[in-house]
Amino acid sequence: MTESRLTLDLDALSANYAALRKRAGGVELAPAVKADGYGLGAPVIADRLWAEGARTFYVARLSEGVALRQALSDRDATICVLDGATPGSGDTLEGAKLTPVLNSLPQIEAWNAQARSGRLRAALHVDTGMNRLGLRPEEVKVLVGATDRLKRLDLDLVISHLACADTPSHPLNALQLERFQETTALLPNVRRSLSNSAGLFLDEAYRFDQARPGVSLYGGGPEGVPHPEIRAVATVEAPILQVRVVPRGESVGYGAGWTAPDTTRVAIVAAGYADGVLRSTHPNGQVWFDGARRRLLGRVSMDLIAIEITDCDAARPGAMVELFGRNLPIDDAAAAAGTSAYELLTRIAPRARTVVIGG
Ligand SMILES: *Cc1c(COP(=O)(O)O)cnc(C)c1O
């Protein structure tokens with residue numbers, strides 16, 4: 001077989017959940033499983049995290065919420081949809097018992113109207129400085145001033161999102177914390193949630209009632225570099241197809257992107273764009289093979305990459321090369337390609353054959 005392979009380590013997922021719980025000091029962890037569980041498969045991820053005690057999950061899109069509700073149909077999970085009550089989504093949200101995270105005054109109106117004479121569960125997103133989704137603090141004042149605006153809503157939770165939590169010294173963290181405290185004081189009986197993965201590594205003041213970790217559950221360090229408490233969950237490997245010797249002065253790959261300064265042993269590996277390898281892996285990309293990091297040579301092709309193996313005897317057709325995972329931390333592989341663990345995870349291509357361990 002020459003398919004690339006994604007090994008999903010569910011025991012590592014559980015270990016990361018436990019590590020983050022410890023960080024959270026007893027507050028609820030509500031995993032972010034948007035983008036199909038950061039590319040790893042939302043149903044299998046949510047199933048395992050449910051077994052670990054998670055009862056609330058965050059998705060981005062309505063369609064993701066519907067799919068997760070189906071996957072967890074026998075369980076009473078709270079599924080929060082970050083896009084909120086978008087136009088035309090009301091009946092689907094209500095039908096699948098999804099909780100929209102309302103992020104504008106028009107969305108609040110729409111969800112109130114959807115409730116008709118009954119009551120519907122909702123969460124509220126307030127913006128404290130990221131300027132992405134959410135009501136501005138002054139809009140929250142308008143909202144609480146007009147009591148009928150919320151009267152049909154079972155408002156369970158108010159959230160905000162940190163723009164710079166992966167940089168603990170950034171002054172915007174403290175500013176967002178202060179705005180969140182001020183704004184949520186207007187909603188005294190509503191539970192509060194501010195932190196993503198990285199927020200859990202700031203101080204206790206950021207914890208509130210619930211945290212919403214994503215990337216660190218899946219193996220990404222909270223500051224974009226490997227963290228000793230976080231284990232690799234996804235390992236992506238691909239097999240060597242052939243080993244060849246490139247004479248000095250000859251080049252490798254499209255665009256003759258790399259020229260051999262000396263006679264060089266090269267392994268051609270069955271991984272390319274269609275397996276999630278990014279073009280930006282040139283010129284600094286690395287893989288792990290036979291106990292060491294090895295350089296990528298030249299540009300990635302649709303289905304192939306070349307790696308340097310001059311001082312390595314183990315390279316032979318069929319031997320597996322690790323693109324990132326257990327031995328090459330995803331944050332290091334991402335940094336070498338000028339990107340983030342988020343992008344590497346969500347780009348793992350469907351062509352990879354998935355093997356689940358610890359299931
Ligand atoms: C994606 C997301 C999270 C999870 O963030 P990580 O950095 O992956 O931990 C939490 N909250 C919101 C609103 C998000 O969009």
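We're numbering straight along the sequence, starting at 1. Only a predicted model underlies this, so the values are computations on that prediction, with no experimental measurement involved.
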Original post:
If you group Ile, Leu, Val, Met, Phe, Trp and Tyr by side-chain heavy-atom gaps below 4.5 Å, do L10 and L72 land in one group?
Top reply: yes
**OP:** Is it possible for you to say whether V44 and V33 belong to one hydrophobic cluster, with membership spreading through side-chain heavy-atom contacts below 4.5 Å?
**Re:** yes
Original post:
Pairs in or reaching into residues 330-341: which pass salt bridge (Lys or Arg N to Asp or Glu O under 4.0 Å), with residues at least two apart or in two chains?
Top reply: R293-D332
**OP:** Without swapping roles, check the side chain of R69 against the backbone of A96 for a donor-acceptor pair under 3.5 Å.
**Re:** yes
**OP:** Go through the side-chain N and O atoms of Q210 and R212 and say whether any donor and acceptor fall under 3.5 Å apart.
**Re:** no
**OP:** Start with the C-alpha gap between E52 and R21, add the side-chain angles, then the distance that decides, and say whether salt bridge (charged side-chain N to carboxylate O under 4.0 Å, His left out) holds.
**Re:** CA-CA 10 Å; E52 295 297 338; R21 272 188 71 131; over 6 Å; no
Original post:
Are there more than 12 heavy atoms of other residues, nucleotides or ligands under 6.0 Å from atom CZ of R244?
Top reply: no
Subject >> Side-chain (R152) to main-chain (R116) donor-acceptor, under 3.5 angstrom >> reply: yes
**OP:** Ignoring hydrogens and angles, tell me if any N or O in the side chain of R231 forms a donor-acceptor pair with the backbone of Y218 under 3.5 Å.
**Re:** no
Original post:
Looking only at atom types and distance, does a side-chain atom of S340 sit under 3.5 Å from a main-chain N or O of E343, one as donor and one as acceptor?
Top reply: yes
Original post:
About how many Å separate CZ of R316 and CD1 of I240, when rounded to the nearest 0.5 Å?
Top reply: 8.5 Å
Original post:
Among side-chain atoms of S160 and T128, is any donor-acceptor pair under 3.5 angstrom?
Top reply: yes
**OP:** Is it possible for you to say whether L124 and L93 belong to one hydrophobic cluster, with membership spreading through side-chain heavy-atom contacts below 4.5 Å?
**Re:** yes
Original post:
Under 3.5 Å, is there a donor-acceptor pair between the side chain of E322 and the main chain of N327?
Top reply: yes
**OP:** Look only at the side chain of D275 and the backbone of G272, and say whether a donor-acceptor pair between them is shorter than 3.5 Å.
**Re:** yes
Original post:
Between CD of E308 and CZ of R294, what distance do you get to the nearest 0.5 Å?
Top reply: 8.5 Å
**OP:** Taking atom CG of N189 as the centre, report whether more than 12 heavy atoms of other residues, nucleotides or ligands fall under 6.0 Å from it.
**Re:** no
Original post:
Where do I108 and L153 land on the side chain to side chain contact (heavy atoms under 4.5 Å, CB included) test, with the steps shown first?
Top reply: CA-CA 9 Å; I108 291 166; L153 302 187; 4.2 Å; yes
Subject >> Test item: W111 side-chain N/O and R121 main-chain N/O as donor-acceptor pair under 3.5 Å >> reply: yes
**OP:** Check whether any side-chain heavy atom of V158 lies under 4.5 Å from a side-chain heavy atom of R191, and answer yes or no.
**Re:** no
Subject >> Expected output: side-chain D209 to main-chain R192 donor-acceptor under 3.5 Å >> reply: yes
Subject >> E94 side chain near L120 side chain, heavy-atom distance below 4.5 Å >> reply: yes
Original post:
Is the centre of the F180 ring less than 6.0 Å from the centre of the Y206 ring?
Top reply: no
**OP:** Return the orientation label for the Y342 and Y38 ring planes: parallel under 30°, perpendicular over 60°, tilted otherwise.
**Re:** tilted
**OP:** Quick one: pull up CG in L194 and CZ in R179 and give me the separation to the nearest 0.5 Å.
**Re:** 12.5 Å
Original post:
Do W50 and R55 have side chains that get closer than 4.5 Å, going by heavy atoms?
Top reply: yes
Subject >> same_hphob_cluster(L133, L135) at 4.5 Å side-chain heavy-atom cutoff >> reply: no
Original post:
Can R351 and D303 be said to form a salt bridge (charged side-chain N to carboxylate O under 4.0 Å, His left out), step by step?
Top reply: CA-CA 11 Å; R351 187 152 84 180; D303 311 296; 3.0 Å; yes
Original post:
With a 4.0 Å cut-off, would you call R23 and E229 a salt bridge?
Top reply: yes
Original post:
Within a radius of less than 6.0 Å around CG of D262, do more than 12 heavy atoms belonging to other residues, nucleotides or ligands occur?
Top reply: yes
**OP:** Determine whether the side chains of E28 and T56 contain a donor N or O and an acceptor N or O closer than 3.5 Å.
**Re:** yes
Subject >> Donor-acceptor pair, side chain of D36 and main chain of A42, under 3.5 angstrom >> reply: yes
**OP:** Answer yes when D311 and R265 have at least one side-chain N-carboxylate O distance shorter than 4.0 Å, and no when they do not.
**Re:** no
Original post:
Can you check whether R299 reaches R279 side chain to side chain, under 4.5 Å on heavy atoms?
Top reply: yes
Subject >> Side-chain (D9) to main-chain (A12) donor-acceptor, under 3.5 angstrom >> reply: yes
Subject >> Straight-line distance of Q114 CD to S89 OG, nearest 0.5 Å >> reply: 8.0 Å
Subject >> Atom CD of E204 with >12 non-hydrogen neighbours under 6.0 angstrom >> reply: no
Original post:
Are L304 and V321 connected in a single hydrophobic cluster, I mean Ile/Leu/Val/Met/Phe/Trp/Tyr linked by side-chain heavy atoms less than 4.5 Å apart?
Top reply: no
Original post:
Roughly how far apart are K34 NZ and T346 OG1, rounded to 0.5 Å?
Top reply: 10.5 Å
**OP:** Could you grab the distance from atom CD1 of I348 to atom OG1 of T354, nearest 0.5 Å is fine?
**Re:** 8.0 Å
Original post:
Using a distance-only test with no angle check, is there a side-chain donor-acceptor pair under 3.5 angstrom linking R248 and T263?
Top reply: no
